[in-house]
Amino acid sequence: MNMVDMLNNFFGQISGFVWGNFYMYVMVITGLYFSIRLGFPQLRRMGDSFRLTFAGMKQKNSAGKEGMSAWQSLATAIAGQVGTGNIAGPATAIMAGGPGAVFWMWIIAFFGMMTNYSENVLGIYYREKSPSGEWHGGAMYYLENGLGAKPGCKILGMVLAILFSIFCFLASFGIGNMTQVNSISGNMEAVFGVPTWLTGIVVLILAGLVILGGLKRIASVTEKIVPFMVILYMIGTVVILILNFSMIGPVFSAIFRGAFAMKSAGGGIVGYGTKLAIEQGMKRGVFSNEAGLGSSVMVHSSSNVKEPVCQGMWGIFEVFADTIIVCTLTAFSVLSSGLVDLETGAAAETYQGIALTKANMVSTVFSIHFGMAGAAFVAIAVMLFAFSTVLGWSHYGSTACAYLFGEKSTIVYRIIFVAAIFGGAVMGDNLA
């Protein structure tokens, strides 16, 4: 193949990526625009973002009648984001797109910090107070009250707000509930031998006690679960990195080489490896931190913070914690384990007679370093991550329901949402 053909293939693959993944392309451009327009606050003001975070942790009881505290809103937002995708997602990206996918996951997170920042600013600015005195906000509100206020855009803003609410309402039962609970029941059965129906009943009861109590009870639980589960998981992955300290250099090298690789994991045509790395890394980044999807802004808007920019700073930390910290630690654990080829990202077919898949890769990595306790550790991490996601998404769906049908409809929504938990637990591979 001559140089002209090589270049044509390379740019052809990149072009296919752009049009085939248009939503990711839009998100990157949007994040880049806000980064340039605002002078890259994710770099200049990162210290302020951390300062607000740790200061907010000391104000756990500052929630008033109007809503939750800033820390509770962040914890609930992270609860909705940090799910099973933070464990299986990086492994999936690496096995499908090679080590270079991690680099593009970082890129989407870097610009995603600014889309999340902007969402939160808009959410606080255009939110509304419900009859009960709580704040309600989100993409549907700034589409209607912000975009809809522009000349000639009233109908457009209203239509987009309704469509967003419908999609959010439906997604809360799928990706935010049944899929997450299915991961819990599957792991509990595989590792501890607990029947899926029993897991379903237990999770239904625990989630019901929290969700039916409304937003403030959800916030009071997530502010306790989130720090515990994230720190616990980080400790496990950091221990693996310490044990594999000599691999940190080669892993970094593989990530940066793979980000611009000229061949795919299977040794395919020129440019295809780069396309896969970009596509998989950005996909996992977007679905991990949800920046630009309009989900977490719904809980941030319920904060009692009055200054929109302050809540925007929490959004920067949110994406940083979700992708740059949690997903990166997962990716480094996988890449340093010896189960993945650092050149191609191809995984070994089996380990001790067990077929390796994207779903059990991280569990296998922990088993290598900690034995059976490692598999149990991952099962518990999946349970905590997935359970917290269910709590977070119950508020997203409730907010969409309140927008579409009125605040009184939310109690019916929560009952149905809790009932769906059992279905997710027992449906097995039908939700895979």
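We use all heavy atoms of the structure for the numbers below, so side chains are in, but hydrogens, waters and symmetry mates are not.
S185 and A425 get closest at one heavy-atom pair: OG-O, 2.8 Å. Of all heavy-atom pairs between M140 and A400, the closest is CE-CA, 3.9 Å. Between A254 and P99, the shortest heavy-atom contact is O-CB, 3.7 Å. A pairwise comparison of heavy atoms in N244 and H369 identifies ND2-NE2, 3.0 Å as the closest pair. For the residue pair M298 and H395, the shortest heavy atom distance occurs at O-NE2, 3.4 Å. Of all the heavy atoms in N182 and G424, the pair that sits closest is ND2-O, 3.0 Å.
The closest side-chain heavy-atom distance from V334 to L339 is not below 4.5 Å. Between E119 and Y142 there is a side-chain heavy-atom pair separated by less than 4.5 Å. At least one side-chain heavy atom of I240 sits less than 4.5 Å from a side-chain heavy atom of F370. Inter-residue side-chain proximity for M361 and V340 is flagged as met; some heavy-atom pair is nearer than 4.5 Å.
At distances below 3.5 Å, at least one donor-acceptor pair connects side-chain atoms of N116 with backbone N or O atoms of G315. Of the possible polar contacts, one joining the S409 side chain to the G406 backbone as a donor-acceptor pair under 3.5 Å is found. Proximity of a side-chain donor or acceptor of N177 to a complementary backbone N or O of F417 within less than 3.5 Å is detected.
Evaluation of the side chain to side chain donor-acceptor pair (under 3.5 Å) rule for T328 yields W106 as partners, not counting sequence neighbours. The ring-ring contact (aromatic ring centres under 6.0 Å, His included) check on Y126 picks up nothing, with sequence neighbours excluded. Taking F110 as the reference, nothing meets the ring-ring contact (aromatic ring centres under 6.0 Å, His included) condition, with sequence neighbours excluded.
Annotation: the span from M427 atom CE to T179 atom OG1 amounts to 9.0 Å, rounded to 0.5 Å. To the nearest 0.5 Å, atoms CD (Q180) and OG1 (T389) are separated by 4.5 Å. Taking CD1 of I155 as the start and CG of L160 as the end, the distance is 12.0 Å to the nearest 0.5 Å. Atom CG of residue L335 and atom CD1 of residue I255 lie 5.5 Å apart, to the nearest 0.5 angstrom. We find the CZ-CG distance between F164 and L404 to be 10.5 Å, quoted to the nearest 0.5 Å. Distance CG/L241 to OG/S333: 5.0 Å, rounded to 0.5 Å.
Using bins of under 30°, 30° to 60° and over 60° for the plane-to-plane angle, the ring pair F173/F169 lands in the perpendicular bin.
Atom CZ of R37 is surrounded by 12 or fewer heavy atoms from other residues, nucleotides or ligands within 6.0 Å. More than 12 heavy atoms of other shown residues, nucleotides or ligands fall within 6.0 angstrom of atom CZ in R414. No more than 12 heavy-atom neighbours from other residues, nucleotides or ligands sit within 6.0 angstrom of OH on Y125.
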Problem set entry | Stepwise side chain to side chain contact (heavy atoms under 4.5 Å, CB included) test for E144 and K154 | CA-CA 7 Å; E144 179 185 355; K154 183 176 181 179; over 6 Å; no

For this session: For ring-ring contact (aromatic ring centres under 6.0 Å, His included), just list the numbers for W393 and Y396, CA-CA rounded to whole Å, side-chain angles, deciding distance to a tenth of an Å, and then say yes or no.
Result: CA-CA 5 Å; W393 267 92; Y396 301 164; 5.0 Å; yes

For this session: Let me see the working for F387 and L391 under side chain to side chain contact (heavy atoms under 4.5 Å, CB included), right down to the final yes or no.
Result: CA-CA 7 Å; F387 184 72; L391 297 184; 3.8 Å; yes

For this session: Would you sort out whether M178 and I421 count as a side chain to side chain contact (heavy atoms under 4.5 Å, CB included), showing the intermediate values?
Result: CA-CA 6 Å; M178 299 178 73; I421 288 174; over 6 Å; no

For this session: Determine, stepwise, if the pair K129 / H136 fulfils side chain to side chain contact (heavy atoms under 4.5 Å, CB included).
Result: CA-CA 6 Å; K129 188 174 291 187; H136 282 201; over 6 Å; no

For this session: Apply the test ring-ring contact (aromatic ring centres under 6.0 Å, His included) to residues F332 and F252: give CA-CA distance (whole Å), side-chain angles for both, the deciding distance (0.1 Å), then the verdict.
Result: CA-CA 9 Å; F332 270 66; F252 263 114; 5.0 Å; yes

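Ring centroid separation for the pair F405 and Y413 does not come in under the 6.0 Å cut-off. Between Y403 and Y141, the ring center distance clears the sub-6.0 Å criterion.
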Donor-acceptor list for residues 186-213 side chains, cut-off 3.5 Å, not counting sequence neighbours:
unit_1: N187; atom_1: ND2; unit_2: S183; atom_2: O; d: 2.8
unit_1: T199; atom_1: OG1; unit_2: P195; atom_2: O; d: 3.4

Show me the side-chain donor-acceptor pairs of residues 228-237 shorter than 3.5 Å, one per line, residues at least two apart or across chains.
unit_1: Y233; atom_1: OH; unit_2: T330; atom_2: OG1; d: 2.7
unit_1: T237; atom_1: OG1; unit_2: Y233; atom_2: O; d: 3.3
unit_1: T237; atom_1: OG1; unit_2: M234; atom_2: O; d: 2.9

What pairs of donor and acceptor atoms, side-chain ones from residues 372-379 against any protein atom, are under 3.5 angstrom apart with sequence neighbours left out?
none

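The closest side-chain donor-acceptor pair between N120 and E318, if any, does not fall under 3.5 angstrom.
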